[in-house]
2 protein chains.
Amino acid sequence: MTSKPASNSVKNRGSWKQNPDAVKADILRVARAEFADHGLSGARIQEIAEKTKTSKRMIFYYFKDKENLYREVLEQAYREVRQGEKALALDSLDPVEALTQLVAFTFTHHRANEDFIRLVMIENIHRGVHLSASETIRAGNSPAVEQLSAILERGTAQKLFKPDIAAQQLHWKISALCFFNVSNEPTFSRVFGNDLMTEAGQAALRQDVVDTIVGSVLA
Amino acid sequence: MTSKPASNSVKNRGSWKQNPDAVKADILRVARAEFADHGLSGARIQEIAEKTKTSKRMIFYYFKDKENLYREVLEQAYREVRQGEKALALDSLDPVEALTQLVAFTFTHHRANEDFIRLVMIENIHRGVHLSASETIRAGNSPAVEQLSAILERGTAQKLFKPDIAAQQLHWKISALCFFNVSNEPTFSRVFGNDLMTEAGQAALRQDVVDTIVGSVLA
DNA sequence: CACACAATGAACCGCATGGTTCATTGCGAC
DNA sequence: GTCGCAATGAACCATGCGGTTCATTGTGTG
């Protein structure tokens, strides 16, 4: 026997370090972009793996299967967006100004988080079944609605706002306008021209959305 | 030789009648439902074929490939919806009432055409590339915007409306509210409860949307 | 009828894709 | 050190899926 390894038929298997959390986070990061880009059935595990520092093997090791990976991506995205909404401090402003800020922020925030918007679009295409399967995503922990409620309460107390404005319904209207702006940009601009999607158009739109929403609650 | 056919190795190939237009229409009908249900990559040609009176073979014969079939489905859907919008007769109404009717109609119309909404969502997921490839879908032939323009002109002339309301931008707001109502129902109702999706909730929402839009243009 | 061409049926094909197997390596506990 | 389990790599697999081939049948035209 020589001092060399007995067998040279053993293929070279590179060495590696263990860092499960980083690997999982890396996979989630890449998967999120891919799912947002191509949808659940359109995304390719292969493609996700290649953009990762790890392998296809590990995706299934940590996330079981494609649907589960998608669900975890969705959950993470919801959590992050909620986190972002919490950052707003509106308590010190008078109700009208607070509402103005909230709407303007939502408009800008949605624009800046296109991936999240697209994930929500995709989930709606799937009729929300993966959201249902998720334990962590539930009502009540939506900072946006809570802040809105607080503003409405103060505004109504000061008789600046109409009485009996429903926070949930108002939130729905704000969401609709801000969400649609991002979600339907491609088809809308192709059918009607992209005037509203230029920088100037978006500024005008944001102002219009703010005015429309604020106008709808003023006494 | 007997009087029977010389060869019984020839497999039985059932007889058939020719009716290309009906076959094409049948394929489009089924394909539309399937694409609306599962998206472009999610839909299965196989599945479409099985729900058709014809075969997979004929789908490729008439429509070349999956993407082209999808594009034709999209075009047909746009044409039909525009046709539906034309039916509205608002010229005889005073501007405020005409706008009210237009918004209420749009709200109801979108609700009633979920397949179309879903196709548009899907096309937005694909960033509108198939709409771009389509010759037949272009701005200008949108009856909804033309009607809206006419109403605005009359309303402004009578000094009922603010001056300088942009028809396109107003149409955008109406679309946003009515589209979102259908498109985001699954995720919205799962996160915030489905109060707004009940019959009563939808009635309240429709009224709210009408009031919000009309309120935003009144002088 | 004969011919040309459109319409159709049945079987087939290549390959991309989600998922698995099996053996190997890292590393903390004792 | 060594034992045990978590983490990993490489190759593999079954099959679903978009698309095609080839031969056959319908039908209008002369």
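All values reported here derive from a predicted model rather than from experimental measurement. Below, read A as the first sequence line, B as the second, and so on, with proteins coming before strands; counting in each chain starts at 1. Side chains are part of it too, since the values below use all heavy atoms of this structure and drop only hydrogens, waters and symmetry mates.
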Out of C:dT21, C:dA7, D:dT21, whichever nucleotide has its closest atom nearest the side chain of B:Met58 | C:dA7

With sequence neighbours excluded, tell me which residues meet side-chain contact (heavy atoms from CB on, under 4.5 Å) with A:Ala98.
-> A:Leu90, A:Leu93, A:Ile151, A:Arg154

Within the sub-3.5 Å range, which N or O atoms of nucleotides 12-15 of chain C have a protein N or O partner, and how far apart are they?
none

Of all of residues 59-67 of chain B, which get a heavy atom below 4.0 angstrom from DNA chain C, listed by number?
-> B:Tyr61, B:Tyr62

May I ask you to list the residues of residues 37-50 of chain B, by number, that have any heavy atom positioned under 4.0 Å from an atom of DNA chain C?
-> none

Sorted by chain and number, sequence neighbours left out, side-chain contact (heavy atoms from CB on, under 4.5 Å) with A:Gln46 holds for A:Glu50, A:Lys56

Return the set of residues passing salt bridge (Lys or Arg N to Asp or Glu O under 4.0 Å) with B:Glu47 (not counting sequence neighbours), or none when no residue passes.
-> B:Lys51

Let me know the distance between CG of B:Asp21 and P of C:dA6, rounded to the nearest Å.
-> 15 Å

Please state how far atom CD in A:Glu34 lies from atom C1' in C:dT17, giving the value in whole angstrom units.
-> 14 Å

Please report, rounded to the nearest Å, how far the P atom of C:dC5 is from the CD atom of B:Gln18.
-> 15 Å

Taking CG from B:Asn19 and C1' from C:dA6, how many angstroms apart are they, rounded to a whole number?
-> 13 Å

Any B:Ser55 side-chain nitrogen or oxygen under 4.0 Å from OP1 or OP2 of C:dG9 | yes

Figure out the CZ/C1' separation between B:Arg57 and C:dA6, and round it to whole Å.
-> 11 Å

Output a table of donor-acceptor pairs, distance under 3.5 Å, between side-chain atoms of residues 196-205 of chain B and any protein atom two or more places apart or on a different chain; print 'none' if there are none.
residue, atom, partner, partner atom, Å
B:Thr198, OG1, B:Asp195, O, 3.0
B:Thr198, OG1, B:Gly201, N, 3.0
B:Gln202, OE1, B:Arg111, NH1, 3.1
B:Gln202, OE1, B:Asn181, ND2, 2.9
B:Gln202, NE2, B:Asn181, OD1, 3.0
B:Gln202, NE2, B:Leu196, O, 2.9

Listed by chain and number, what are the side chain to side chain donor-acceptor pair (under 3.5 Å) partners of B:Ser216, not counting sequence neighbours?
-> B:Lys173

Pairing residues for A:Val23 by the side-chain contact (heavy atoms from CB on, under 4.5 Å) criterion, not counting sequence neighbours | A:Ile27, A:Thr54, A:Tyr62

Salt bridge check: are A:Arg44 and A:Asp37 linked by an N-O gap of less than 4.0 Å?
-> no

A:Trp172 versus B:Leu177: any side-chain heavy-atom pair under 4.5 Å?
-> yes

With sequence neighbours left out, write down each residue that passes side-chain contact (heavy atoms from CB on, under 4.5 Å) with A:Glu123, or none if nothing qualifies.
-> A:Tyr70, A:Leu74, A:His126, A:His130, A:Leu131, B:Thr187

Any pair with a residue in residues 40-60 of chain B that passes ring-ring contact (aromatic ring centres under 6.0 Å, His included), sequence neighbours left out, goes on the list, sorted by first then second residue, please.
-> none

Value in whole Å for how far the C1' atom of C:dG18 lies from CG of A:Asn68 | 14 Å

Partners of A:Arg29 by salt bridge (Lys or Arg N to Asp or Glu O under 4.0 Å), sequence neighbours excluded?
-> A:Asp26

